[in-house]
Structures are given as structure tokens and as C-alpha cells.
Amino acid sequence: MLNSTIVSTRIRLARNIDGMPFPHKIGKLPAKQISDKVELSLSPIDRFMRYDMDSVSQLDGTILQEKHLISPDLLTECPYGSVFISADECVSVMVNEEDHIREQVILRGLSLDQAYDRVNKIDDLISKNIKFAFSPRFGYLTACATNLGTGMRASVMMFLPALTIQKRIDSCINDVGRLNMTVRGVYGEGSSADGYLYQISNQRSLGINERDILDSVKSAINFILDSELRARQLLKQNENELKDKIYRAWGVARNAYKLSTAEAMQLLAMISLGDYYGYIRINDHEGFQRLITHCQPANMQRLSGRNLSVEERDVFRARYVATELKNVSNRIN
């Protein structure tokens, strides 16, 4: 059940350097010095790839954003920003975004404890070389007051098609809001829930510890999971209508001449739902998740190996989706 609903887990820690102005008030040289210090701190644990925002190409930067390895703001609003990404792309450390340092770990499935343990080790390592700004009263000092305290955001990406289709998602969002949780779209604040993907994370960081945050997110996730599974049972009550929607999505995805990003995400979401009900079999779930990422515009551009117009990209996407679906899935009945 979890595999059909929980996509990934992310833990992020926001940190700033004691005695230094926040990133929006520092120049190029001190910003570079911070990036160099972080790079030195990370060197003992892994081979991190460094990307500086003033030299990374727009295409490479957007691909990193589509993979959730950097924020949109780091790419567009932070000319002195950098990011360090581990070889397995599970760890990324953004430097000179809203805060001096933002450490994050992304793992597949529901992995809150494992992700926290990994990011905590990275945090300890960096803190050996860099003194973080910390107040006995307010905890870690951050550029945005909502991150004060632990500086931690724990989020889980969930696939919630039934709640969305049945128009129960707003009620569910209101319910978890009372648990001090926030629900956002696939790319965070202000983004849409393409493919029925939602990020659920803690709102509160001040006055509680990290374990309390993890426990509260787990409670919210369990509540949403139960709500989604009940909604899927209700959705199946009209099975002929449900099968028709899923098989139509399968047919269009396998045969369309062109597909926009939004349409491809919607079709793949319905195919994923079909796998849950047993109408379609996804043989390679990791490959299917890669397909969802590869459907994004910059990834399509890279895979094509040439510059494409929007329409050319939509045509290429349709061919790519059709080919990959043959490799990772098949229709059962």
C-alpha cells in the first residue's frame, strides 16, 4: 500500500554562519568563501559534484530543479549560490540561497528516520568547520522566521489521485493543517499538484525538537494514507467508469503523437493508479519514476540531444513515453 502512495521523503536543515549577514546582503567574494568552506567540509564523506549558479547552464540548472536537487530560487535569484550533490543524488547542499547553507537528503518511499540520520551526520560534519548562528532562546537563526528553532523541514511526497478525483483533497488538507502541517504541489510552495503529487511537511520548527517533528509528520502521513485508501475503495464502486479512464490513459500514452508535460503527468498518474488496482502491471517501478522525471521539459531537451521548440518537445515526449512504457509496464486485461 505504501509503495502506491508514498513516493519519497526529504529532510532539509537550514543553517547560517555565526556573525555573517544573510546571503542577500553579502557579495561575491564572501559568498565564494562560504561555498569553498562547505566543499572542504563535505570532502571526507563523499565525492560531491559542485555547481556554481553564475556558471551553470540554464539547461543543467533546470534539470537539477526538476530532480528536486535545487530550489527554483537558487537557480533564478541567487547569482552567488552553489550546490553540492552526492554521487547517488540523494544529498544536496545548497549554499547562499535564502540561508547560507541548506542541507537536504531525499530517499525513496517513507524513510523519515533514515533521511534524518543521514542529514544529521552531514550537519555534524559541516559544523566542525563552520560555526552556525544559534540562539539559546530561538534555536538556529534563519532568514525566514518560520524556520527558526530546529531549522528542519521534514516532507513526504504523496501520490493522492483518489482524494483529488473525488474532490476530497481540500478537506484533507484542512484536517492536516490542524496538525501544523502544510500541503504543497510537486515543486513546493506555489506549485501545482501535477500528476496528483503533493508534498506534506511540518509548518512548525520553533519550540519543538527534531524527533517531535518526525513523529508529527508520521501521524499526518498515516492520516492522509488512510484517507486516500478509503477514497480508492469508493472510487472502485463504479468500476466500469474507473477502468475506462485508466485504459483510455494507457491508450493515449501509448499512441499519442504529442504530449505536453501536464498531459503526460496526468496520463502516467492514471497508469500508476491502474497498477494499484491490478488493471496494468508496472514491472519496473524505479524505471517508471524515472520516466516521470524525464518527462519534464529540461530533461526532454537533454534526452533529445538538440534544441527543440515547445511543439517539437511535445512530439519527442510522446515518442519517449510510448517507448519507455513498453519497457516498464504492460496491460493485464
Side-chain angles (χ1 to χ4, degrees), residues 1-11 66-68 106-112 115 153-203 214 216-239 241-246 248-250 253 261-280 282 285-286 288-293 295-296 329:
M1 297 300 181
L2 286 176
N3 289 340
S4 70
T5 309
I6 309 294
V7 178
S8 61
T9 298
R10 183 188 74 162
I11 304 288
E66 290 175 354
K67 290 181 175 181
H68 303 279
I106 301 177
L107 299 178
R108 296 186 186 278
L110 186 59
S111 309
L112 284 162
R153 283 288 179 269
S155 65
V156 175
M157 185 84 75
M158 299 190 74
F159 176 55
L160 305 173
L163 284 170
T164 309
I165 292 169
Q166 293 186 329
K167 303 188 186 304
R168 297 167 182 258
I169 191 68
D170 288 341
S171 174
C172 192
I173 289 172
N174 290 335
D175 289 338
V176 297
R178 289 192 282 271
L179 300 173
N180 288 311
M181 295 293 123
T182 184
V183 181
R184 295 169 173 166
V186 63
Y187 288 106
E189 188 172 4
S191 66
S192 60
D194 293 339
Y196 307 127
L197 293 171
Y198 298 83
Q199 289 189 56
I200 293 83
S201 64
N202 61 296
Q203 279 186 313
L214 294 176
S216 64
V217 173
K218 289 174 187 176
S219 296
I221 296 307
N222 286 332
F223 172 80
I224 297 171
L225 177 62
D226 289 342
S227 300
E228 171 65 18
L229 294 180
R230 286 197 301 270
R232 291 187 188 186
Q233 290 176 347
L234 293 173
L235 202 59
K236 198 178 180 183
Q237 288 180 354
N238 190 347
E239 188 167 22
E241 183 70 19
L242 177 62
K243 279 188 173 181
D244 184 63
K245 287 181 178 179
I246 290 170
R248 282 178 184 272
W250 171 263
T261 305
E263 187 178 9
M265 291 284 283
Q266 185 75 10
L267 295 171
L268 293 173
M270 292 305 296
I271 291 169
S272 183
L273 188 60
D275 178 66
Y276 169 79
Y277 287 114
Y279 306 150
I280 292 168
I282 296 176
H285 284 89
E286 286 192 13
F288 189 81
Q289 288 301 319
R290 281 195 301 273
L291 172 57
I292 292 173
T293 300
C295 278
Q296 306 309 309
S329 63

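Quantities reported herein were computed from a predicted structural model and do not represent experimental measurements. All values below were derived from every heavy atom in this structure, side-chain atoms included, with hydrogens, water molecules and symmetry-related copies excluded.
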Practice prompt. Quick one: closest heavy-atom pair of Leu234 and Gln166, and the distance?
Written response: CB-NE2, 3.4 Å
Worksheet entry | Step-by-step side chain to side chain contact (heavy atoms under 4.5 Å, CB included) determination, Gln296 to Met265 | CA-CA 9 Å; Gln296 306 309 309; Met265 291 284 283; 3.3 Å; yes
Worksheet item: Ignoring hydrogens and geometry, is there a side-chain-to-backbone donor-acceptor pair from Arg153 to Gln203 under 3.5 Å?
Response: yes
Worksheet item: What's the spacing between Thr261 OG1 and Ile292 CD1 if we round to 0.5 Å?
Response: 13.0 Å
Worksheet entry | Closest approach of Ile271 to Ala249 (non-hydrogen atoms, all atoms of both residues) | CD1-O, 4.3 Å
Worksheet item: Under 3.5 Å, is there a donor-acceptor pair linking the side chains of Tyr196 and Ser272?
Response: no
Worksheet item: For Ser329 and Trp250, which heavy atoms make the closest approach, and how far apart are they?
Response: OG-CZ3, 3.3 Å
Practice prompt. Can you measure from CG (Leu229) to OG1 (Thr5) and round to the nearest 0.5 angstrom?
Written response: 5.0 Å
Discussion item. Suppose we screen for salt bridge (charged side-chain N to carboxylate O under 4.0 Å, His left out). Which residues come up paired with Arg230, at least two apart in sequence or across chains?
Written reply: none
Worksheet entry | Heavy-atom donor-acceptor pair, Ser171 side chain to Arg168 backbone, under 3.5 Å | no
Worksheet item: Is the closest side-chain heavy-atom distance between Ser216 and Met181 below 4.5 Å?
Response: yes
Worksheet entry | Smallest separation among heavy atoms of Leu214 and Ala154, with atom names | CD2-CB, 4.2 Å
Practice prompt. Would you mind reporting whether Met270 and Ile280 have side-chain heavy atoms less than 4.5 Å apart?
Written response: no
Worksheet item: Do Tyr198 and Thr164 touch side chain to side chain, with heavy atoms closer than 4.5 Å?
Response: yes
Worksheet item: Do the non-hydrogen side-chain atoms of Asn180 and Asn202 ever get within less than 4.5 Å of each other?
Response: no
Worksheet item: Going through the checks in order, is the side chain to side chain contact (heavy atoms under 4.5 Å, CB included) test met by Leu273 and Leu235?
Response: CA-CA 11 Å; Leu273 188 60; Leu235 202 59; 4.1 Å; yes
Practice prompt. Please check if the side chain of Thr9 supplies one atom and the backbone of Gly109 the other of a donor-acceptor pair under 3.5 Å.
Written response: yes
Worksheet item: Checking side chain to side chain contact (heavy atoms under 4.5 Å, CB included) for the pair Glu239/Tyr279: CA distance, chi angles, key distance, verdict?
Response: CA-CA 11 Å; Glu239 188 167 22; Tyr279 306 150; 2.6 Å; yes
Discussion item. With rounding to the nearest 0.5 angstrom, report the CD1 to CZ distance, Ile200 to Phe223.
Written reply: 11.5 Å
Worksheet item: Would you say Glu66's side chain and Thr293's backbone share a donor-acceptor pair under 3.5 angstrom?
Response: no
Discussion item. Using 0.5 Å steps for rounding, measure from the CE atom of Met158 to the CD1 atom of Ile221.
Written reply: 5.0 Å
Fill in: Test item: Asp275 and His285 side chains (from C-beta on) under 4.5 Å apart, heavy atoms
yes
Worksheet item: Distance only, no hydrogens: is a donor on one side chain within 3.5 Å (strictly under) of an acceptor on the other, for Arg232 and Ser4?
Response: yes
Worksheet entry | Spacing of CG belonging to Leu268 relative to CD belonging to Gln289, to within rounding of 0.5 Å | 9.5 Å
Worksheet item: Do any N or O atoms from the side chain of Asp194 and from the backbone of Ala262 form a donor-acceptor pair under 3.5 angstrom?
Response: no
Discussion item. Nearest 0.5 Å, please: how far is CD1 in Ile246 from CD in Glu241?
Written reply: 11.0 Å
Worksheet entry | For Glu228 against Ala162, the heavy-atom pair lying closest together | OE2-N, 3.1 Å
Worksheet entry | Considering all heavy atoms, the nearest Ala115-Leu107 contact | N-CD1, 3.6 Å
Worksheet item: Would you call Lys167-Asp170 a salt bridge at under 4.0 Å N-O?
Response: no
Worksheet item: Is Lys245 atom NZ crowded by more than 12 heavy atoms from other residues, nucleotides or ligands, each under 6.0 Å away?
Response: no
